[in-house]
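Structure first, then comments.
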Amino acid sequence: MKNSGTARIFLGLNAAFSLITGANLLFLPGFSAEILFLDTAGWQNLSLCILGAGLIVFVLDLTLMATDRFVAKGQVLLITAMDTGWVLASILLLAFGSQLFSGTGQAVIVAVAVFVAVFAIGQYLGARDIVVPLSQATVKSSGDKLLAKVSRTVNAPRNVVWKVMTDHPRYADVADNISKVEVVAGNGEGMQRRCYGPKGENWLETCDLFDEGHAFGFRIHTEADDYPYPISKLHGAWSVVPQENGSTFTIDIEATPKGNLLMRTLFKTAAKRQFKAVLADLADAWADRMEREARA
């Protein structure tokens with residue numbers, strides 16, 4: 001999502017604070033109980049350990065969201081609601097159970113609630129700035145494969161969109177992971193182009209789908225000696241359909257990672273977010289060019 005920076009900053013602060021709090025409760029329950037409670041009891045250590053473990057799990061969710069520039073407004077508001085619940089629970093706890101806590105314990109509960117309230121307010125204000133991106137990207141697993149897709153509607157006629165999509169040398173201008181593209185043979189189906197990475201690594205891609213003005217696809221030769229990604233099979237398809245006030249183009253990527261089950265699982269987990277960002281950035285850059293050329 002765009003304009004998610006403020007929300008992600010407060011999510012990150014929330015994660016750091018929750019980690020410190022949760023670690024103390026989980027690993028130092030006896031020390032925490034002595035500070036919090038007026039009189040010690042057997043149930044306190046177990047209760048604090050459970051609360052600490054819950055906070056650690058909460059930290060994992062917060063960390064994933066804080067590092068995801070596509071975090072959704074609804075996700076942030078859900079965390080905000082949970083933080084609000086913590087603050088309300090703290091108020092009720094002190095209102096009806098203050099006799100259980102020492103003076104220091106009550107002060108700690110208030111201090112934690114204040115910090116949580118600040119995070120909740122910051123997240124809420126940040127969530128208001130989040131807008132749904134125009135380039136809608138999704139990445140999901142299907143068996144051994146990773147399926148990625150991005151669609152974008154642009155204010156440009158289909159012929160302009162098709163012209164930009166099939167301008168292969170200029171593809172390098174919009175793809176962050178490619179520094180140069182050369183058409184080395186053919187035209188249409190069977191055409192081959194060579195792509196170069198930022199460090200000079202290169203590989204061939206063969207067009208195996210071509211429907212003039214509508215769609216084309218490439219099989220990437222991942223068997224190249226210096227192919228930089230741990231992928232055994234990779235295929236991409238690009239298509240465009242006309243709309244009433246422009247066109248919608250779509251990119252579909254199908255990737256099969258290399259390695260054993262563990263390596264494939266780790267790759268798919270790490271690649272999901274990266275693929276989403278790469279495709280969204282590519283679609284944004286392409287859309288900008290298409291609309292500029294339509295206006296020219």
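As a basis for the values below, the full set of heavy atoms in this structure was taken, side chains included, without hydrogen atoms, waters or symmetry mates.
- Cluster annotation: F115 and I56 are assigned to distinct hydrophobic clusters (Ile/Leu/Val/Met/Phe/Trp/Tyr, side-chain heavy-atom contacts under 4.5 Å, transitive).
- To the nearest 0.5 angstrom, F10 atom CZ is 10.5 Å from N14 atom CG.
- Looking at S239, its side chain never comes within 3.5 Å of a backbone N or O of H214 through a donor-acceptor pair.
- The aromatic rings of W286 and Y171 sit tilted relative to each other, their planes meeting at an angle between 30° and 60°.
- Between the side chain of Q44 and the main chain of D39, a donor-acceptor pair closer than 3.5 Å is present.
- You'll find the side chain of V181 stays beyond 4.5 Å of the side chain of Y196, heavy atoms only.
- Contact of the K258 side chain with the I231 side chain is not registered, since no non-hydrogen atoms from C-beta on lie closer than 4.5 Å.
- F58 and L60 are not part of a single hydrophobic cluster, where members link through side-chain heavy atoms under 4.5 Å apart.
- Proximity of L38 to L100: side-chain heavy atoms (C-beta onward) are nowhere separated by under 4.5 Å.
- For T21 (side chain) and V112 (main-chain N/O), no donor-acceptor pair under 3.5 Å exists by modelled atom type.
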List the steps and the verdict of side chain to side chain contact (heavy atoms under 4.5 Å, CB included) for K233 and T222. CA-CA 6 Å; K233 295 180 181 179; T222 60; 5.6 Å; no
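- A donor-acceptor pair under 3.5 Å is absent between the side-chain atoms of Q123 and the main chain of I121, judged by distance alone.
- Side-chain heavy atoms closer than 4.5 Å link hydrophobic residues (I, L, V, M, F, W, Y) into clusters, and following such links, even through other members, never connects L19 to L51.
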Under the criterion side chain to side chain contact (heavy atoms under 4.5 Å, CB included), I'd like the reasoning laid out for Y227 against L234: C-alpha separation, chi angles, the key distance, then a yes or no. CA-CA 12 Å; Y227 185 73; L234 182 61; 3.2 Å; yes
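- Rounded to the nearest 0.5 angstrom, N260 CG and T265 OG1 are separated by 8.5 Å.
- Residue W162 comes nearest to D211 through the heavy atom pair CH2-O, 3.6 Å, listed as atom of the first residue, atom of the second, then distance.
- Atom CG of D226 is surrounded by more than 12 heavy atoms from other residues, nucleotides or ligands within 6.0 Å.
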Kindly determine whether T248 and S151 satisfy side chain to side chain donor-acceptor pair (under 3.5 Å), including the steps that lead there. CA-CA 7 Å; T248 297; S151 294; over 6 Å; no
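- Annotation: the span from Q192 atom CD to N187 atom CG amounts to 13.0 Å, rounded to 0.5 Å.
- Look at R194 and E182 and you find no salt bridge, because none of the NZ, NE, NH1 or NH2 atoms lies under 4.0 Å from a carboxylate O.
- Contact annotation: the side chain of M82 never approaches that of W86 to less than 4.5 Å [non-hydrogen atoms, C-beta and beyond].
- To the nearest 0.5 Å, atom CG of residue L209 and atom CZ of residue R219 are 13.5 Å apart.
- Judged purely by atom type and a 3.5 angstrom limit, S247 uses its side chain to pair as donor or acceptor with the backbone of R158.
- Looking only at atom types and distance, the side chain of S232 has no donor-acceptor partner in the side chain of T256 under 3.5 Å away.
- Taking the side chain as every heavy atom from C-beta outward, I220 and W203 approach each other to under 4.5 Å.
- Of the candidates D176, V174, V150, D176 is the only one forming a side chain to side chain contact (heavy atoms under 4.5 Å, CB included) with D281.
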Start with the C-alpha gap between D167 and K163, add the side-chain angles, then the distance that decides, and say whether salt bridge (Lys or Arg N to Asp or Glu O under 4.0 Å) holds. CA-CA 6 Å; D167 187 350; K163 177 183 176 183; over 6 Å; no
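- Atom OH of Y124 has 12 or fewer neighbouring heavy atoms from other residues, nucleotides or ligands inside a 6.0 Å radius.
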Take R289 and E291 through the test salt bridge (Lys or Arg N to Asp or Glu O under 4.0 Å) and record every step on the way to the result. CA-CA 6 Å; R289 175 179 294 175; E291 292 181 344; over 6 Å; no
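- Between I251 atom CD1 and F249 atom CZ the span is 6.0 Å, to the nearest 0.5 Å.
- Shortest non-hydrogen contact noted between V71 and S4 is CG1-CB, 3.9 Å.
- A224 approaches N202 most closely through the heavy-atom pair CB-O, 4.0 Å.
- Annotation: side chain of L204 is in contact with side chain of V184 (closest heavy-atom distance under 4.5 Å).
- Here the side chain of S102 pairs a donor or acceptor atom with the backbone of G105 at under 3.5 angstrom.
- For the pair D129 and K73, the salt-bridge criterion is not met [side-chain N within less than 4.0 Å of a carboxylate O].
- Between R170 and E293 there is a salt bridge, since a side-chain N of the basic residue sits under 4.0 Å from a carboxylate O of the acidic one.
- Within a 6.0 Å sphere centred on CZ of F37, heavy atoms belonging to other residues, nucleotides or ligands number more than 12.
- A single hydrophobic cluster is seen to contain both L279 and M165, as judged by linkage of ILVMFWY side chains at heavy-atom distances under 4.5 Å, directly or through other members.
- When side chains are defined from C-beta on, T80 does not count as touching F119, because their heavy atoms never get closer than 4.5 Å.
- Comment: D284 engages R152 in a salt bridge, judged by a side-chain N to carboxylate O separation of less than 4.0 angstrom.
- Q75 CD to L77 CG: the interatomic distance, rounded to the nearest 0.5 Å, is 10.0 Å.
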Decide yes or no on side chain to side chain contact (heavy atoms under 4.5 Å, CB included) for V76 and M65, but give the supporting numbers first. CA-CA 8 Å; V76 179; M65 285 189 278; 5.5 Å; no
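- Criterion: ILVMFWY side-chain heavy atoms under 4.5 Å apart, direct or through other members. Under it, I109 and I20 are not part of a common hydrophobic cluster.
- In terms of modelled atom types and a separation under 3.5 Å, the side chain of T67 and the main chain of L64 share a donor-acceptor contact.
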Test log, rule side chain to side chain contact (heavy atoms under 4.5 Å, CB included), inputs V59 and F17: CA-CA 9 Å; V59 167; F17 183 77; over 6 Å; no
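- Minimum heavy-atom separation, A15 to T63: CB-OG1, 4.0 Å.
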Please lay out, stage by stage, how H235 and D252 fare under the test side chain to side chain donor-acceptor pair (under 3.5 Å). CA-CA 8 Å; H235 187 269; D252 288 285; over 6 Å; no
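- Other residues, nucleotides and ligands contribute only 12 or fewer heavy atoms inside 6.0 Å of the CG atom of D225.
- For the pair V139 and L147, the minimum side-chain heavy-atom distance is 4.5 Å or more.
- Contact record, M191 with G186: CG-O, 3.5 Å, taken as the closest heavy-atom pair.
- Heavy atoms only, all atoms of each residue included: A294 and N155 are closest at CB-O, 3.9 Å.
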